[in-house]
Amino acid sequence: MAFTIRIFEKDEYIYSLLKYRLGQAYPEAYIINPMTEGDPDMSGGISNYSITLYDQRFVDADSIDCEDAVPLLDSTGTINCRRVISSIKAGPRSHGGSVKDSSGIFIALIPFVDIEAREDFIRDLATREMSDSAHSLRLDLTTGFKSSPAAISGVTGNMSQLLKAGSSRRFKPEDILGYCAMDRSGFLTPGACDRPDELLDTDPELLIRLSDNCSRLVHCKEHSISALLVLDGIRTGTIPGIVSDCDKVMILCPRGSPSGYGYEELRDSISKNMQGGTCDIIYRGNIKKDDTYEQIL
């Protein structure tokens, strides 16, 4: 869906940096500076709606004909791009187009149990939460040999190619499906990365973009797709940004886990970054058999 980002910014250098950063995150957006480029009419099907940002050092909010205009600087006087991107994801109130009106649901699973317990939980989850959609997509952001056994044995590993393609500004949410095939458990999946530790070497911003595109695919009314994002073995500090667009995040923990492992802290960190979804801790299964069990935070 094409839309317009209007940035009222007097400093051309700051504007150029913002245009580049937002252009990477939203390749479908028209980005303009009405202060230097005019304010062209993007209606008539070219642009579906507009988001307005302004630098409050140079522009008075009352001078902008937009009640939903978002100030660029935060309380510390800094332009925090993640906060700005979050405000764009929320969209204008008038747009309200409940992107979550479709039958699809976007779920992230963060397991701290062994693979067998994880896969048992996923089978139950697919039946309980994802059966209303025509297709179920699974993306394994996993390290080592923690990807789905069914995906490894049933699908050629295309996750590396998907990550590479996702870095292009021309990449569209529906392009994800071109890298997927049906695995033996019924999921559409790109399988695993080529190298066991590839995800640890991947720019977190690229993983965030992939998750954002997946969310757009799921919540597009033209499709009937639900998606499961499995994050197993990647650095916990990158997780909140990756799962912020999910409808549900589930932290799957072993039964009888002692306190102090950091599950609650991880849940709270995720919840603060979410755009409207929920994050829950679920106790089921056993401690991973293939790992040394350590604190996660």
S.K.: Report the C-alpha distance between Ile64 and Thr52 in whole Å, list the side-chain angles of each, state the deciding distance to 0.1 Å, and finish with yes or no for side-chain contact (heavy atoms from CB on, under 4.5 Å).
M.R.: CA-CA 9 Å; Ile64 303 174; Thr52 301; 3.9 Å; yes
S.K.: Could you tell me whether the side chain of Ser136 and the main chain of Phe187 form a donor-acceptor pair under 3.5 Å?
M.R.: no
S.K.: Scan side-chain atoms only and decide if Asp245 and His219 contain a donor-acceptor pair under the 3.5 Å cut-off.
M.R.: no
S.K.: Go through Val113 and Cys253 one step at a time and tell me if the side-chain contact (heavy atoms from CB on, under 4.5 Å) criterion holds.
M.R.: CA-CA 6 Å; Val113 298; Cys253 305; 5.7 Å; no
S.K.: Could you tell me whether a side-chain N or O of Asp124 sits under 3.5 Å from a main-chain N or O of Phe121, the two making a donor and an acceptor?
M.R.: no
S.K.: I need the Ile31 CD1 to Thr4 OG1 distance, nearest 0.5 Å.
M.R.: 10.0 Å
S.K.: Can you establish whether the number of heavy atoms outside Arg57 located under 6.0 Å from its atom CZ is more than 12?
M.R.: yes
S.K.: Are Asp268 and Ile270 close enough that some pair of their side-chain heavy atoms sits under 4.5 Å apart?
M.R.: no
S.K.: Could you tell me if the side chain of Leu125 sits less than 4.5 Å from the side chain of Ile107, heavy atoms only?
M.R.: yes
S.K.: Given the side-chain rings of Phe112 and Tyr263, with only the six-membered ring counted for Trp, is the space between their centroids under 6.0 Å?
M.R.: yes
S.K.: Could you give the distance from CD1 (Ile5) to CG (Asn33), rounded to the nearest 0.5 Å?
M.R.: 12.5 Å
S.K.: If you apply the rule ring pair (Phe, Tyr, Trp, His ring centres under 6.0 Å), what do you find for Phe3 with Tyr26, and how did you get there?
M.R.: CA-CA 9 Å; Phe3 66 102; Tyr26 299 101; 5.7 Å; yes
S.K.: I'd like to know if Lys164 and Glu198 make a salt bridge, using a cut-off of under 4.0 Å between side-chain N and carboxylate O.
M.R.: no
S.K.: Given 3.5 Å as the limit, does a donor-acceptor pair link the side chain of Ser131 with the main chain of Arg128, or not?
M.R.: no
S.K.: Judged by modelled atom types alone, do Ser226 and Glu129 share a side-chain donor-acceptor pair under 3.5 Å?
M.R.: no
S.K.: Would you say the side-chain atoms of Ser224 pair up with the backbone N or O of Ala134, donor to acceptor, closer than 3.5 Å?
M.R.: yes
S.K.: Report yes or no: do Ile242 and Leu200 belong to one cluster of Ile/Leu/Val/Met/Phe/Trp/Tyr joined by side chain heavy-atom distances under 4.5 Å?
M.R.: no
S.K.: Mark yes or no for whether Asp140, through its side chain, and Ala192, through its backbone, hold a donor-acceptor pair below 3.5 Å.
M.R.: no
S.K.: Determine, for Arg209 against Asp212, whether the closest basic-nitrogen to carboxylate-oxygen distance falls under 4.0 angstrom.
M.R.: no
S.K.: Roughly how far apart are Arg195 CZ and Leu199 CG, rounded to 0.5 Å?
M.R.: 9.0 Å
S.K.: Okay, side chain of Ser269, backbone of Glu265: is any donor-acceptor separation there less than 3.5 Å?
M.R.: no
S.K.: Side-chain contact test, heavy atoms from C-beta onward, threshold under 4.5 Å: evaluate it for Ile110 versus Ile239 and give yes or no.
M.R.: yes
S.K.: Can you give me the closest heavy-atom contact between Leu206 and Leu163, atom names plus distance?
M.R.: CD2-O, 3.4 Å
S.K.: Nearest heavy-atom pair of Cys246 and Val249: which atoms, and what distance?
M.R.: CB-CG2, 4.0 Å
S.K.: Would you name the heavy atoms of Val218 and Phe106 that are closest together and state the gap between them?
M.R.: CG1-N, 4.0 Å
S.K.: For Met159 and Gly191, which heavy atoms make the closest approach, and how far apart are they?
M.R.: CB-O, 3.7 Å
S.K.: What's the spacing between Met250 CE and Asp280 CG if we round to 0.5 Å?
M.R.: 7.0 Å
S.K.: Could you tell me which non-hydrogen atom of Arg216 sits nearest to which non-hydrogen atom of Pro173, and how far apart they are?
M.R.: CB-CG, 3.8 Å
S.K.: So Ile282 and Ile251, do their side chains get closer than 4.5 Å, heavy atoms only?
M.R.: no
S.K.: Evaluate the side-chain contact (heavy atoms from CB on, under 4.5 Å) criterion for residues Cys214 and Leu139: first the C-alpha distance (whole Å), next the side-chain angles of each, then the deciding distance (0.1 Å), finally the verdict.
M.R.: CA-CA 9 Å; Cys214 189; Leu139 300 178; 4.0 Å; yes
S.K.: For a side-chain contact (heavy atoms from CB on, under 4.5 Å) check, start with the C-alpha distance between Leu229 and Leu141, then their side-chain angles and the critical distance, and finish with the verdict.
M.R.: CA-CA 7 Å; Leu229 193 63; Leu141 300 185; 3.9 Å; yes
S.K.: Mark yes or no for whether Arg284, through its side chain, and Arg255, through its backbone, hold a donor-acceptor pair below 3.5 Å.
M.R.: no
S.K.: Please report the shortest heavy-atom distance between Asp247 and Gly104, naming the atom on each side.
M.R.: OD2-O, 4.4 Å
S.K.: Between atom CG of Leu177 and atom CG of Leu217, what is the distance when rounded to the nearest 0.5 Å?
M.R.: 5.0 Å
S.K.: Between Ser211 and Ile208 (side chain of the first, backbone of the second, donor and acceptor by atom type, cut-off under 3.5 Å), is there such a pair?
M.R.: no
S.K.: Are Asp114 and Arg118 ion-paired here, with the side-chain N under 4.0 Å from a carboxylate O?
M.R.: no
S.K.: Hey, what do you get for CZ (Arg138) to CE (Met130), rounding to the nearest 0.5 Å?
M.R.: 9.5 Å
S.K.: Hey, is the main chain of Ala165 close enough, under 3.5 Å, to the side chain of Ser168 for a donor-acceptor pair?
M.R.: no
S.K.: I want to check something: taking the side chain as every heavy atom from C-beta on, are Thr189 and Leu137 in contact at a cut-off of under 4.5 Å?
M.R.: no
S.K.: Should the pair Glu12-Lys19 be classified as a salt bridge under the 4.0 Å nitrogen-to-oxygen rule?
M.R.: no
S.K.: Donor-acceptor pair, Asp60 side chain versus Gln56 backbone, under 3.5 Å?
M.R.: no
S.K.: Answer yes if Leu17 and Ile79 sit in the same cluster of Ile, Leu, Val, Met, Phe, Trp and Tyr residues linked by side chain heavy atoms under 4.5 Å apart, and no otherwise.
M.R.: no
